[in-house]
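Take a look at the structure below.
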Amino acid sequence: MLLFQDLRKAIYEIVNEKFRISENDVYLDDTGHSDITVRIFRILKSPDGGEGIIDEIVGSISGKEYVEKAVSEGGYINVWIKRSYMLREVIESIEKKGIYPDVFQEADRVSVEHTSANPTGPLHIGRARNSIIGDSVYRILTRYGYRTTRQYFVNDSGKQMISLYTAYIRYGGPITIDNLLENYQRIYREMETDPSIEKEIERNIERYENADPEVYETLRKIAGVMLDGIASTLKRIGIEFDEFDWESDLLRDGSVKKIIDMLQTKEEDGARYIEIPGKKIFLTRKDGTTLYFARDIAYHLFKAENSEWIIDVLGEDHKDHAKSLDHVLKQMLKLENRISFMYYSFITLETGKMSTRRGNIVTLQDLVDRTYEEALKIVNEKRPDLSEDDRRKIAEVIATSAVRYSIIRVSAPKAITFRWDEALNFEANSAPFIMYSHARATSILEKAEEPGDKYDFNMDPEEAELVKAMYVYPYYLMDAALDLKPDLIATYLISLVQKFNDFYGACRVIGTDPMTYSRRIRIVKAYRQILSDAGSLIGIRMLDQM
RNA sequence: GGGCGCAUGGCCUAGCCUGGAUAGGGCAACAGCCUCCUAAGCUGUAGAUCAGGGGUCCAAAUCCCCUUGCGCCCGCCA
């Protein structure tokens, strides 16, 4: 089986044999000039290049069985791949293996750590960007053939968490998300005028690190309730974890202490720190309690035991932290695992930054709920023929897919200003736009009879374009996986759906002659399969009707 | 003050790493398309000094430098 990337490589080698070029000079063209373009400015300019050699190269490329034609135009050789070849590759893979492509297989184990939000309150949409990016990366790498583990590092021993605990002790009330959150916001307000609170928190940190069972048990219970809230909201949009790794476990089994002893620490007022180029990094406070950096080193060494490739999804505020961490792990501790940090910019509201402590947040829960209400309204309008239960189920799938799509479609380094009207737009460039085409494709197949075994390749232009868009899927999958760019899948999906919509408008399936019918049914089946495959990578669930 | 990131039609966004053929989409606007597989769709019109300036190159949205604006960081917080 030759995928697009194999063809590209083969053509590169043909050209490179005659004249040294860069691999980047052979690329997927999406401007309509060709399928694969070879840039030959360098050859034309060269004294030993020129027309003769170009003709020879064009001749060799034309000779390949999958090449429709190759022509030199201006500074390019435009290569067209046979659509029949593309169609056969896609259809055979799907009919024989049930999936396209089926060739990816990687030996390495990958740890994807994402979310890892302090369980001090419900997840807001800024934090949810972390989860959505992380889960998409997990899905893409898994599809690409890696053995992946999703990990959440639960901070139950930092100052914020102890503050939450201290607030609970001071103000009481039930251990519920609402009450704990109210207490948490209250303690930060009162801390401003009452310095004794700070002291109380410090004492509790010390008690916690010294495994005072009273503090430990209550705090784990509090963290558990908060974490359950976060986890169940995430589960609603299809995000789950393989492991919840608790900071306090690393504290209790001595691994944090071991790390601190291993490093060449210096002291200042009893606080231990290390020096890396340009800065001091404190690992402990003067009272001996540990700091996040120390615990994070221990955590990364823990992850490194089971994964060759460690991926952290982090907010842009963690860039310096991660850079220092990377230095310590690789330079000082000689860790050889591959480590990738993915950064994303924040989501802000039109009214400004979000803050759990101050309470001005849009939670993921709010967003999904409101998106669901909006989706339900539209489904009720469009499909009064369906049962209420069906309409609710459809609205739920639309809402969860739409929320994920609206966040993943923007590349990670770009800041997002959240606007309700944009979040609730279900037209083109949204998950419902993608899902709708799946429902239409399904509808055709439901009405259709089984086609014959034979089909021909006399495709209309819109069919041929759709076939190319499907054939090229592995190429985008590869880029998204290796460059860690889940947003590429969103871009790909939209272009694929647009090609299907063109096909749908221009080409009848049902009621055509047997050979055409047989081919088009196969195309629609393949499309449906590839669409839900690619959609699932970014958490879009397909519906058979909507 | 130092560091990192971002800037593309009224609005949102792709392309930038790896420089090359008319800068792709979408929203909003305007004009059309349902006796035909779901109109959450499709077709067309209009709209862009690719933040500004300089440089490198046969060729710059893309690479380099400067400037401006915005976001983030510079804790014995995480």
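Computation of the quantities below employed the complete heavy-atom set of this structure, encompassing side-chain atoms and omitting hydrogens, waters and symmetry-equivalent molecules. So you know, we letter chains A, B, ... as the sequences are listed, proteins then strands, and number each from 1.
A:Lys279 NZ: more than 12 foreign heavy atoms inside a 6.0 Å radius. Within a 6.0 Å radius of CZ in A:Arg127, no more than 12 heavy atoms belonging to other residues, nucleotides or ligands are found.
Summarising the geometry, the separation between CD1 on A:Ile416 and P on B:G5 is reported as 19 Å, rounded to the nearest angstrom. For the pair A:Glu206 CD and B:C76 C1', the computed distance is 13 Å after rounding to whole Å. Whole-Å rounding puts the A:Asp29 CG to B:G24 C1' distance at 12 Å. Between the CG atom of A:Asp156 and the P atom of B:A78 there is a distance of 12 Å, rounded to whole Å.
Regarding contacts with the backbone of B:C77, a side-chain N or O of A:Arg285 is found under 4.0 angstrom from either OP1 or OP2. Taking side-chain N and O atoms only, A:Arg42 has no distance below 4.0 Å to OP1 or OP2 of B:G19. Taking only side-chain nitrogens and oxygens, A:Lys45 never comes nearer than 4.0 Å to OP1 or OP2 of B:A59. Distances shorter than 4.0 Å separate none of the side-chain N or O atoms of A:Ser437 from OP1 or OP2 on B:G41. An OP1 or OP2 oxygen of B:C42 is reached within less than 4.0 angstrom by a side-chain nitrogen or oxygen of A:Asn501.
Here the nucleotide nearest the side chain of A:Asp317, chosen from B:C42, B:C72, B:C76, is B:C72. Closest to the side chain of A:Asp487, from the set B:G15, B:C72, B:G41, is B:G15. For A:Phe41, counting side-chain heavy atoms from C-beta on, the closest listed nucleotide (B:A78, B:G20, B:G41) is B:G20. The side chain of A:Lys319 approaches B:G5 more closely than any other nucleotide in the set B:G25, B:C72, B:G5. When each of B:A40, B:G15, B:C72 is scored by its nearest atom to the side-chain atoms of A:Phe346, the top-ranked nucleotide is B:C72. Nearest nucleotide to the side chain of A:Phe426, out of B:A40, B:A78, B:G41: B:A40.
Interface remark: the A:Glu422 side chain does not form any donor-acceptor pair with the B:C12 base, using a distance-only criterion of under 3.5 Å. The base of B:C42 is not paired with the side chain of A:Asp502 by any donor and acceptor separated by under 3.5 Å. One can find a donor-acceptor pair under 3.5 Å joining the base of B:A21 and the side-chain atoms of A:Thr37.
B:C34 shows a glycosidic angle within 90° of 0 and is accordingly assigned syn.
Contacts of A:Ser163 classified as side chain to side chain donor-acceptor pair (under 3.5 Å), with partners at least two apart in sequence or in another chain: none. For A:Glu350, the salt bridge (Lys or Arg N to Asp or Glu O under 4.0 Å) partners at least two apart in sequence or on another chain are A:Arg419. Residues satisfying the salt bridge (Lys or Arg N to Asp or Glu O under 4.0 Å) criterion with A:Arg522, sequence neighbours excluded, are A:Glu95. For A:Glu396, the salt bridge (Lys or Arg N to Asp or Glu O under 4.0 Å) test picks out A:Arg236, with sequence neighbours left out.
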In a table with atom names and distances, give each donor-acceptor pair under 3.5 Å that connects a side chain of residues 340-348 of chain A to protein atoms at least two apart or in another chain.
| residue | atom | partner | partner atom | Å |
| --- | --- | --- | --- | --- |
| A:Ser340 | OG | A:Trp309 | NE1 | 2.8 |
| A:Tyr344 | OH | A:Asn130 | ND2 | 3.3 |
| A:Ser345 | OG | A:Pro413 | O | 2.8 |

Report all side-chain donor-acceptor pairs from residues 483-510 of chain A shorter than 3.5 Å, counting only partners two or more places apart or in another chain.
| residue | atom | partner | partner atom | Å |
| --- | --- | --- | --- | --- |
| A:Thr491 | OG1 | A:Asp487 | O | 3.2 |
| A:Tyr492 | OH | A:Ala469 | O | 2.6 |
| A:Ser495 | OG | A:Tyr492 | O | 2.8 |

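Stacking between A:Tyr76 and the base of B:G20 is absent under the criterion of ring centres within 5.5 Å and planes under 30 degrees. You can call A:His33 stacked on the base of B:A21; the centres are under 5.5 Å apart and the planes sit within 30°.
A 3.5 Å limit on both hydrogen-bonding distances identifies no Watson-Crick or G-U partner for B:A78. The base-pairing partner of B:G32, taking Watson-Crick or G-U wobble contacts with both distances under 3.5 Å, is B:C42.
Taking atom C1' in both B:C42 and B:A60, the straight-line distance is 37 Å, to the nearest Å.
Sorted by first and then second residue, the pairs that involve residues 25-42 of chain A and meet salt bridge (Lys or Arg N to Asp or Glu O under 4.0 Å), not counting sequence neighbours, are A:Asp25-A:Arg39, A:Asp25-A:Arg42, A:Asp35-A:Arg83, A:Asp35-A:Lys468.
Neither side chain, A:Asn425 nor A:Ser430, offers a donor N or O lying under 3.5 Å from an acceptor on the other.
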Tabulate protein N/O versus nucleotide N/O from nucleotides 6-9 of chain B, keeping only pairs under 3.5 Å, one per line.
| residue | atom | partner | partner atom | Å |
| --- | --- | --- | --- | --- |
| B:A7 | OP1 | A:Lys414 | NZ | 3.4 |

Each nucleotide in nucleotides 28-37 of chain B should get exactly one letter: B, S or -. Can you fill that in based on protein heavy atoms under 4.0 Å? S-------SB
